[in-house]
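These notes are about the structure you will find just below.
The structure presented is a predicted model; accordingly, all values stated were derived computationally and were not measured.
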Amino acid sequence: MDRLPKVAIPIVIILVVIFVLLAKSTVTIGSGERGVLYKFTSGVVTDQPPMDEGFHIVAPWNKVFIYNVRQQELFEREMSVLSSNGLEIKLDASVLYEATTATVALLHQTRGEAYLQSVIIPAVRSATRSVVGRYTPEQLYSTKRDAIQNEIYEETKKILTPQYIQLNSVLVRDVTLPPTIKEAIERKLKQEQESLEYEFRLVTAAKEAEKVIIEAKGKADANKILSASLTDKILQDKGIEATVKLSESPNSKVIVIGSGDSGMPIILGNQ
């Protein structure tokens with residue numbers, strides 16, 4: 001009985017060691033993640049695909065670094081940049097990026113787990129300053145927003161692609177100008193809009209006047225043609241037809257007492 005505890009102690013120690021080794025030898029990789037294996041003897045494994053989602057057993061002296069390979073968003077708020085004329089502009093932008101499965105081991109080997117702070121953020125800020133510096137505040141505020149967004153994307157992509165980071169898009173959320181500059185731009189845009197509206201009214205009025213002239217000319221030409229076609233004989237026949245219809249009217253009482261200079265009868269009403 002006295003020997004039992006002495007035998008049990010080594011067994012307990014062995015069981016604890018086995019438990020610790022098993023705990024260190026198992027890795028569970030979650031959904032949307034990949035594991036980068038670091039071997040104690042040779043370093044980061046880059047010549048094999050990273051470890052997929054699920055449960056894995058590795059040697060206890062090796063280590064697994066887990067990376068998110070889903071699309072992620074970086075929101076850069078109020079980046080201070082200078083326009084082409086030296087005015088300070090604040091810009092908000094969202095950056096959509098991801099660590100790709102195929103190159104995640106190289107990303108870990110060359111940039112490490114803190115690649116967002118060490119690579120992506122500096123790249124976005126550098127590209128934004130470079131692009132915004134080509135434009136005036138007015139262009140940033142109104143006409144060139146899409147072009148600026150595309151250029152920031154292209155500039156950032158050039159920096160990130162060689163560093164094993166996939167850039168999906170850059171979205172410019174907001175551009176904040178100094179209040180005085182913003183008010184001046186808005187006044188100018190309003191004046192331009194009023195000028196365009198005035199020009200539109202002038203063009204519309206000119207078209208209406210042209211339409212009236214064309215209609216009047218058409219009527220004048222029609223009258224000329226009609227006048228040329230109305231001979232004395234035609235007028236006399238028309239007059240006779242009208243006189244006959246008038247004489248046949250039950251409401252008319254007429255007396256024919258001869259004819260006028262044109263040969264037409266002279267008709268006197270009963271009033």
Inset, instruction - Look at the side-chain heavy atoms of Ile, Leu, Val, Met, Phe, Trp and Tyr, link any pair under 4.5 Å apart, and say whether Leu171 and Ile120 land in one connected group. - result: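 Per the 4.5 Å side-chain linkage, Leu171 and Ile120 are not co-clustered.
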Inset, instruction - Check the hydrophobic clustering (I, L, V, M, F, W, Y; side-chain heavy atoms under 4.5 Å; chains of links allowed) and say if Val119 and Phe65 are grouped together. - result: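 Val119 and Phe65: one cluster.
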Kindly write out the residues that satisfy side-chain hydrogen bond (donor to acceptor under 3.5 Å, both in side chains) with [X], not counting sequence neighbours, or none if the list is empty.
X: Glu76; answer: Arg125
X: Lys211; answer: none
X: Tyr153; answer: none

Can you check whether [Y]'s main-chain N or O pairs, donor with acceptor, with [X]'s side chain at less than 3.5 Å?
X: Asn62; Y: Val58; value: no
X: Glu33; Y: Gly30; value: yes
X: Gln163; Y: Leu160; value: no

Residues 36-49, side-chain donor-acceptor partners within the protein, below 3.5 Å, at least two apart:
none

Inset, instruction - Only counting residues at least two apart or in another chain, list the ones meeting side-chain contact (heavy atoms from CB on, under 4.5 Å) with Thr110. - result: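 Expected list: Tyr164.
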Legend entry - Partner residues of Asn85 under the side-chain contact (heavy atoms from CB on, under 4.5 Å) criterion, sequence neighbours left out: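 Asn85 satisfies side-chain contact (heavy atoms from CB on, under 4.5 Å) with Ser83, Leu87, Pro137 once adjacent residues are dropped.
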Inset, instruction - Return the orientation label for the Tyr115 and Tyr97 ring planes: parallel under 30°, perpendicular over 60°, tilted otherwise. - result: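 Ring orientation, 0 to 90° scale: perpendicular.
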